[in-house]
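Ligands are counted one by one from 1 in listed order, and the atoms in each one are counted from 1 as well. The chain is numbered in sequence order, starting from 1.
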Amino acid sequence: MVKPLRKAVLPVAGLGTRFLPATKAMPKEMLPVVDKPLIQYAVDEARAAGIDQFCMVTGRGKTALIDHFDIAFELEATLAERNKREALDLLREEAMPPGAITTVRQQVPLGLGHAIWCARTFIGDDPFAILLPDDLVLSKTPCTQQLVNVYNETGGNVVAISEVPREQTNRYGILKTGKIEGDLVEVTGMVEKPKPEDAPSNLSIIGRYVMLPEVITYLSRMEAGAGNEVQLTDAMAKMIGEKPFHGLKFEGQRFDCGDKIGFLEAQIAFSLARTDLSPAVREFLKKYVNA
Ligand code: UTP
(Lines give C-alpha, C1' and ligand atoms only; values in the text may rest on other atoms or scores of the structure.)
Protein backbone atom coordinates (compact mmCIF):
# COMPACT_ATOMS: atom_id res chain seq x y z
CA MET A 1 0.00 0.00 0.00
CA VAL A 2 1.41 3.40 -0.96
CA LYS A 3 1.04 6.43 1.26
CA PRO A 4 -1.95 8.45 -0.02
CA LEU A 5 -1.19 11.68 -1.85
CA ARG A 6 -2.68 14.67 -0.03
CA LYS A 7 -0.14 17.46 -0.63
CA ALA A 8 0.80 19.68 -3.55
CA VAL A 9 3.57 22.24 -3.98
CA LEU A 10 2.96 25.09 -6.41
CA PRO A 11 6.15 26.95 -7.30
CA VAL A 12 5.23 30.51 -8.29
CA ALA A 13 8.39 32.46 -7.47
CA GLY A 14 9.74 32.77 -11.03
CA LEU A 15 10.25 36.20 -12.60
CA GLY A 16 8.11 35.59 -15.68
CA THR A 17 10.48 37.63 -17.84
CA ARG A 18 8.99 36.25 -21.07
CA PHE A 19 5.74 38.03 -20.25
CA LEU A 20 7.06 41.48 -19.45
CA PRO A 21 5.62 44.08 -19.22
CA ALA A 22 2.44 42.14 -18.21
CA THR A 23 4.31 40.57 -15.30
CA LYS A 24 5.95 43.73 -13.99
CA ALA A 25 3.36 44.31 -11.25
CA MET A 26 1.30 41.12 -11.60
CA PRO A 27 2.45 37.50 -11.16
CA LYS A 28 2.57 35.40 -14.33
CA GLU A 29 0.38 32.80 -12.59
CA MET A 30 -2.48 35.36 -12.37
CA LEU A 31 -2.69 35.64 -16.18
CA PRO A 32 -6.13 34.35 -17.16
CA VAL A 33 -6.90 31.71 -19.75
CA VAL A 34 -10.45 32.62 -20.79
CA ASP A 35 -11.78 33.70 -17.36
CA LYS A 36 -9.66 31.81 -14.83
CA PRO A 37 -6.11 32.58 -13.68
CA LEU A 38 -3.46 29.93 -14.30
CA ILE A 39 -3.03 29.31 -10.57
CA GLN A 40 -6.73 28.44 -10.22
CA TYR A 41 -6.49 25.79 -12.95
CA ALA A 42 -3.60 24.17 -11.04
CA VAL A 43 -5.43 24.22 -7.70
CA ASP A 44 -8.66 22.89 -9.24
CA GLU A 45 -6.76 20.09 -10.97
CA ALA A 46 -5.02 19.07 -7.74
CA ARG A 47 -8.25 19.16 -5.73
CA ALA A 48 -9.92 16.96 -8.34
CA ALA A 49 -7.17 14.40 -7.63
CA GLY A 50 -7.97 14.35 -3.91
CA ILE A 51 -5.24 16.79 -2.79
CA ASP A 52 -6.31 19.04 0.08
CA GLN A 53 -3.07 20.60 1.38
CA PHE A 54 -1.26 23.21 -0.68
CA CYS A 55 1.99 25.11 -0.42
CA MET A 56 2.68 28.04 -2.75
CA VAL A 57 6.35 28.94 -3.05
CA THR A 58 6.18 32.67 -3.63
CA GLY A 59 8.47 35.66 -3.96
CA ARG A 60 8.17 39.43 -3.96
CA GLY A 61 5.23 40.91 -5.89
CA LYS A 62 3.16 37.75 -5.58
CA THR A 63 0.54 38.84 -3.02
CA ALA A 64 -2.23 38.81 -5.66
CA LEU A 65 -1.86 35.00 -5.69
CA ILE A 66 -2.47 34.78 -1.96
CA ASP A 67 -5.37 37.25 -2.09
CA HIS A 68 -6.95 35.25 -4.90
CA PHE A 69 -7.62 32.38 -2.47
CA ASP A 70 -8.93 34.61 0.31
CA ILE A 71 -12.55 35.64 0.83
CA ALA A 72 -13.31 38.96 -0.91
CA PHE A 73 -15.69 40.31 1.76
CA GLU A 74 -16.51 43.69 0.15
CA LEU A 75 -17.01 42.15 -3.27
CA GLU A 76 -19.27 39.38 -1.91
CA ALA A 77 -21.32 41.90 0.10
CA THR A 78 -21.81 44.11 -2.96
CA LEU A 79 -22.76 41.12 -5.13
CA ALA A 80 -25.27 39.95 -2.50
CA GLU A 81 -26.75 43.46 -2.22
CA ARG A 82 -27.20 43.61 -6.02
CA ASN A 83 -28.58 40.09 -6.10
CA LYS A 84 -25.86 38.79 -8.44
CA ARG A 85 -26.40 35.17 -7.41
CA GLU A 86 -24.48 33.54 -10.23
CA ALA A 87 -21.31 35.54 -9.63
CA LEU A 88 -21.57 34.95 -5.90
CA ASP A 89 -22.06 31.19 -6.30
CA LEU A 90 -19.01 31.04 -8.58
CA LEU A 91 -16.82 32.70 -5.93
CA ARG A 92 -18.17 30.47 -3.16
CA GLU A 93 -17.79 27.25 -5.14
CA GLU A 94 -14.09 27.95 -5.62
CA ALA A 95 -13.39 29.10 -2.06
CA MET A 96 -10.67 27.17 -0.25
CA PRO A 97 -11.25 25.75 3.24
CA PRO A 98 -9.45 27.80 5.92
CA GLY A 99 -5.82 26.76 6.35
CA ALA A 100 -5.69 24.68 3.16
CA ILE A 101 -3.01 26.89 1.58
CA THR A 102 0.27 27.80 3.19
CA THR A 103 2.95 29.92 1.59
CA VAL A 104 6.71 29.98 1.88
CA ARG A 105 9.09 32.52 0.39
CA GLN A 106 11.88 31.75 -2.02
CA GLN A 107 13.69 35.04 -1.42
CA VAL A 108 15.83 34.68 -4.55
CA PRO A 109 14.69 32.64 -7.59
CA LEU A 110 17.62 30.21 -7.68
CA GLY A 111 15.81 27.57 -9.72
CA LEU A 112 12.88 25.18 -9.60
CA GLY A 113 14.80 22.68 -7.43
CA HIS A 114 15.56 25.40 -4.91
CA ALA A 115 11.88 26.45 -4.92
CA ILE A 116 10.80 22.90 -4.04
CA TRP A 117 13.44 22.69 -1.30
CA CYS A 118 11.93 25.86 0.23
CA ALA A 119 8.74 23.81 0.86
CA ARG A 120 10.61 21.09 2.81
CA THR A 121 8.86 21.69 6.15
CA PHE A 122 5.44 21.49 4.48
CA ILE A 123 6.46 18.27 2.67
CA GLY A 124 7.81 16.50 5.77
CA ASP A 125 7.74 12.72 5.24
CA ASP A 126 4.89 12.67 2.75
CA PRO A 127 4.68 12.10 -0.98
CA PHE A 128 3.60 15.25 -2.82
CA ALA A 129 2.53 16.50 -6.20
CA ILE A 130 4.20 19.39 -7.98
CA LEU A 131 2.16 21.44 -10.42
CA LEU A 132 3.81 24.23 -12.42
CA PRO A 133 0.86 26.54 -13.02
CA ASP A 134 2.23 27.83 -16.32
CA ASP A 135 1.78 24.35 -17.82
CA LEU A 136 -1.89 23.83 -18.62
CA VAL A 137 -3.33 20.48 -19.65
CA LEU A 138 -6.62 20.04 -21.45
CA SER A 139 -7.71 16.44 -20.94
CA LYS A 140 -10.67 14.19 -20.18
CA THR A 141 -9.16 13.01 -16.87
CA PRO A 142 -7.22 15.77 -15.06
CA CYS A 143 -3.47 15.20 -15.58
CA THR A 144 -2.66 15.00 -11.85
CA GLN A 145 -5.35 12.33 -11.41
CA GLN A 146 -3.71 10.33 -14.21
CA LEU A 147 -0.38 10.50 -12.34
CA VAL A 148 -2.04 9.55 -9.04
CA ASN A 149 -3.61 6.49 -10.71
CA VAL A 150 -0.12 5.33 -11.73
CA TYR A 151 1.39 6.21 -8.33
CA ASN A 152 -1.27 4.13 -6.56
CA GLU A 153 -0.18 1.12 -8.66
CA THR A 154 3.59 1.55 -8.81
CA GLY A 155 4.52 3.83 -5.88
CA GLY A 156 7.71 5.89 -6.24
CA ASN A 157 8.11 8.91 -8.48
CA VAL A 158 5.87 9.56 -11.47
CA VAL A 159 6.30 12.38 -13.99
CA ALA A 160 4.04 13.45 -16.86
CA ILE A 161 5.84 13.29 -20.19
CA SER A 162 5.22 14.32 -23.77
CA GLU A 163 7.09 14.07 -27.05
CA VAL A 164 8.82 17.22 -28.26
CA PRO A 165 10.53 17.97 -31.59
CA ARG A 166 14.20 16.87 -31.42
CA GLU A 167 15.46 20.39 -32.10
CA GLN A 168 13.70 21.64 -28.94
CA THR A 169 15.23 19.24 -26.38
CA ASN A 170 17.42 22.10 -25.09
CA ARG A 171 14.31 23.70 -23.56
CA TYR A 172 13.21 20.75 -21.41
CA GLY A 173 14.11 18.01 -18.95
CA ILE A 174 14.58 14.91 -21.16
CA LEU A 175 14.24 11.23 -20.19
CA LYS A 176 16.38 8.19 -20.84
CA THR A 177 13.98 5.27 -21.02
CA GLY A 178 13.96 1.61 -20.09
CA LYS A 179 10.96 -0.69 -20.45
CA ILE A 180 7.95 0.85 -22.19
CA GLU A 181 4.51 -0.63 -21.52
CA GLY A 182 1.77 1.24 -23.35
CA ASP A 183 1.75 4.77 -21.94
CA LEU A 184 4.00 3.90 -19.01
CA VAL A 185 7.73 4.37 -19.39
CA GLU A 186 10.41 3.19 -16.99
CA VAL A 187 12.81 6.08 -16.33
CA THR A 188 16.49 5.10 -16.35
CA GLY A 189 18.00 8.57 -16.59
CA MET A 190 17.20 12.22 -17.15
CA VAL A 191 19.04 15.32 -18.20
CA GLU A 192 18.04 19.00 -18.07
CA LYS A 193 18.01 20.94 -21.36
CA PRO A 194 20.37 18.71 -23.42
CA LYS A 195 21.50 19.77 -26.90
CA PRO A 196 19.54 17.78 -29.55
CA GLU A 197 22.64 15.71 -30.41
CA ASP A 198 23.15 14.77 -26.74
CA ALA A 199 19.46 14.11 -25.88
CA PRO A 200 18.77 10.49 -24.84
CA SER A 201 15.19 10.69 -26.29
CA ASN A 202 12.61 13.25 -27.32
CA LEU A 203 10.44 12.60 -24.25
CA SER A 204 10.23 15.70 -22.10
CA ILE A 205 9.00 16.11 -18.55
CA ILE A 206 6.13 18.59 -18.27
CA GLY A 207 5.07 20.51 -15.16
CA ARG A 208 3.27 17.69 -13.34
CA TYR A 209 5.04 15.37 -10.90
CA VAL A 210 4.37 12.99 -8.03
CA MET A 211 7.48 12.94 -5.86
CA LEU A 212 8.69 11.07 -2.82
CA PRO A 213 9.95 13.27 0.05
CA GLU A 214 13.47 11.81 -0.35
CA VAL A 215 14.04 14.27 -3.20
CA ILE A 216 14.60 16.96 -0.55
CA THR A 217 17.77 15.19 0.65
CA TYR A 218 19.28 15.52 -2.82
CA LEU A 219 18.07 19.10 -3.27
CA SER A 220 19.73 20.05 0.05
CA ARG A 221 23.12 19.62 -1.62
CA MET A 222 22.31 22.79 -3.62
CA GLU A 223 24.31 21.66 -6.65
CA ALA A 224 23.96 24.15 -9.49
CA GLY A 225 23.00 22.61 -12.84
CA ALA A 226 21.88 23.90 -16.26
CA GLY A 227 21.63 27.71 -16.36
CA ASN A 228 23.50 27.77 -13.03
CA GLU A 229 20.19 27.03 -11.28
CA VAL A 230 19.40 24.32 -8.71
CA GLN A 231 17.52 21.93 -11.00
CA LEU A 232 14.77 19.58 -9.84
CA THR A 233 15.70 17.24 -12.71
CA ASP A 234 19.22 16.71 -11.30
CA ALA A 235 17.87 15.78 -7.84
CA MET A 236 15.25 13.45 -9.35
CA ALA A 237 17.91 11.75 -11.47
CA LYS A 238 19.77 10.76 -8.29
CA MET A 239 16.74 8.77 -7.09
CA ILE A 240 16.69 6.52 -10.16
CA GLY A 241 17.44 2.94 -9.19
CA GLU A 242 16.59 3.57 -5.53
CA LYS A 243 12.83 3.90 -5.93
CA PRO A 244 10.39 3.06 -8.72
CA PHE A 245 10.46 5.86 -11.29
CA HIS A 246 7.99 6.15 -14.16
CA GLY A 247 7.00 8.57 -16.86
CA LEU A 248 3.40 8.67 -18.04
CA LYS A 249 2.49 9.65 -21.58
CA PHE A 250 -0.64 11.33 -20.28
CA GLU A 251 -3.87 11.67 -22.22
CA GLY A 252 -4.49 15.29 -23.18
CA GLN A 253 -2.91 18.36 -24.70
CA ARG A 254 -0.34 20.45 -22.87
CA PHE A 255 0.11 24.20 -23.32
CA ASP A 256 3.23 26.02 -22.18
CA CYS A 257 1.59 29.20 -20.93
CA GLY A 258 4.94 30.65 -19.85
CA ASP A 259 5.54 31.18 -23.55
CA LYS A 260 3.54 33.65 -25.68
CA ILE A 261 2.55 31.21 -28.44
CA GLY A 262 1.63 28.46 -25.96
CA PHE A 263 -0.45 30.96 -23.99
CA LEU A 264 -2.31 32.19 -27.08
CA GLU A 265 -2.96 28.62 -28.22
CA ALA A 266 -4.35 27.78 -24.77
CA GLN A 267 -6.83 30.69 -25.03
CA ILE A 268 -8.16 29.28 -28.29
CA ALA A 269 -8.23 25.62 -27.19
CA PHE A 270 -9.84 26.30 -23.80
CA SER A 271 -12.45 28.66 -25.28
CA LEU A 272 -13.31 26.12 -28.01
CA ALA A 273 -13.77 23.50 -25.28
CA ARG A 274 -16.42 25.68 -23.62
CA THR A 275 -19.97 25.17 -24.92
CA ASP A 276 -20.95 28.74 -23.99
CA LEU A 277 -18.11 30.29 -26.03
CA SER A 278 -17.21 27.85 -28.77
CA PRO A 279 -19.76 28.92 -31.46
CA ALA A 280 -18.78 32.60 -31.24
CA VAL A 281 -15.04 31.81 -31.13
CA ARG A 282 -15.31 29.54 -34.18
CA GLU A 283 -17.12 32.30 -36.01
CA PHE A 284 -14.59 35.05 -35.36
CA LEU A 285 -11.61 32.75 -35.98
CA LYS A 286 -12.82 32.23 -39.55
CA LYS A 287 -12.50 35.95 -40.12
CA TYR A 288 -8.78 35.96 -39.23
CA VAL A 289 -7.78 32.61 -40.65
CA ASN A 290 -9.30 33.34 -44.05
CA ALA A 291 -7.84 36.84 -44.24
P1 UTP B 1 10.16 29.18 -15.68
O2 UTP B 1 11.30 28.42 -16.21
O3 UTP B 1 8.97 29.35 -16.56
O4 UTP B 1 10.72 30.60 -15.23
O5 UTP B 1 9.72 28.51 -14.31
P6 UTP B 1 9.97 31.96 -14.91
O7 UTP B 1 10.91 32.82 -14.14
O8 UTP B 1 8.64 31.70 -14.25
O9 UTP B 1 9.66 32.62 -16.33
P10 UTP B 1 10.64 33.29 -17.43
O11 UTP B 1 11.43 32.15 -18.01
O12 UTP B 1 11.48 34.32 -16.74
O13 UTP B 1 9.68 33.90 -18.41
C14 UTP B 1 8.91 27.36 -14.26
C15 UTP B 1 8.15 27.36 -12.95
O16 UTP B 1 9.03 27.32 -11.84
C17 UTP B 1 8.81 28.43 -10.97
C18 UTP B 1 8.11 29.46 -11.83
O19 UTP B 1 7.33 30.33 -11.02
C20 UTP B 1 7.27 28.59 -12.75
O21 UTP B 1 6.07 28.16 -12.14
N22 UTP B 1 10.13 28.88 -10.45
C23 UTP B 1 11.20 28.94 -11.30
C24 UTP B 1 10.26 29.20 -9.12
O25 UTP B 1 9.29 29.15 -8.33
N26 UTP B 1 11.49 29.59 -8.66
C27 UTP B 1 12.57 29.66 -9.47
O28 UTP B 1 13.67 29.99 -8.97
C29 UTP B 1 12.43 29.33 -10.83
Is there a side-chain contact (heavy atoms from CB on, under 4.5 Å) between L5 and L147 once you walk through the steps? CA-CA 11 Å; L5 191 83; L147 296 187; over 6 Å; no

Quick one, D135 with F255, criterion side-chain contact (heavy atoms from CB on, under 4.5 Å). Give me CA distance, side-chain angles, the key distance, then yes/no. CA-CA 6 Å; D135 260 343; F255 301 91; over 6 Å; no

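In terms of protein heavy atoms, atom 26 (N) of ligand 1 is closest to Q106 OE1, 2.8 Å. Protein heavy atom nearest atom 25 (O) of ligand 1, with residue, atom name and distance: A13 N, 2.9 Å. When hydrogens are left out, the protein atom nearest atom 9 (O) of ligand 1 is K28 NZ, 3.2 Å; that is the closest non-hydrogen contact. Nearest to atom 20 (C) of ligand 1 among the protein's heavy atoms is D134 OD2, 3.7 Å. In terms of protein heavy-atom proximity, atom 1 (P) of ligand 1 is closest to R18 NH2, 3.9 Å. When hydrogens are left out, the protein atom nearest atom 19 (O) of ligand 1 is G14 N, 2.9 Å; that is the closest non-hydrogen contact. Here the heavy atom of the protein found nearest to atom 7 (O) of ligand 1 is L15 N, 2.8 Å. Annotation: atom 17 (C) of ligand 1 to nearest protein heavy atom, P11 O, 3.9 Å.
Every atom of ligand 1 is numbered from 1 in the order shown, and the set under 4.0 Å from a heavy atom of L110 is 28 (O). Short contacts between ligand 1 and P109, defined as distances under 4.0 Å to a heavy atom of the residue, involve ligand atoms 27 (C), 28 (O). For ligand 1, the atoms closer than 4.0 angstrom to any heavy atom of E29 are 19 (O), 21 (O). Atoms of ligand 1 lying under 4.0 Å from any heavy atom of A115, numbered from 1 in the order shown and given with element: 24 (C), 25 (O), 26 (N).
In summary, D234 and K238 do not engage in a salt bridge, as defined by a charged side-chain N under 4.0 Å from a carboxylate O. A salt bridge does not link K84 with E86: every distance from a Lys NZ or Arg NE/NH1/NH2 to an Asp or Glu carboxylate oxygen is 4.0 Å or more. Ion pairing between a basic and an acidic side chain is recognised when a charged N comes within 4.0 Å of a carboxylate O; K28 and D134 show such pairing.
At least one N or O atom of G16 sits closer than 3.5 Å to an N or O atom of ligand 1. Residue-to-ligand polar distances place G111 within reach of ligand 1: an N/O pair is separated by less than 3.5 Å.
Judged purely by distance below 3.5 Å, without hydrogens or angles, the side chains of T141 and Q146 never pair a donor atom with an acceptor atom.
Cation-pi contact between K36 and Y41: present, with separation from the ring centre below 6.0 Å and deviation from the ring axis of at most 45°. A cation-pi arrangement is absent between K193 and Y172 under the rule of less than 6.0 angstrom and at most 45 degrees off the ring axis.
Between the side chain of R60 and the main chain of Q107, a donor-acceptor pair closer than 3.5 Å is present.
Residues Y218 and M236 have side chains not in contact (no heavy-atom distance under 4.5 Å, counting atoms from C-beta outward).
Nearest-heavy-atom check against atom 10 (P) of ligand 1 across L10, T17, D135 picks out T17.
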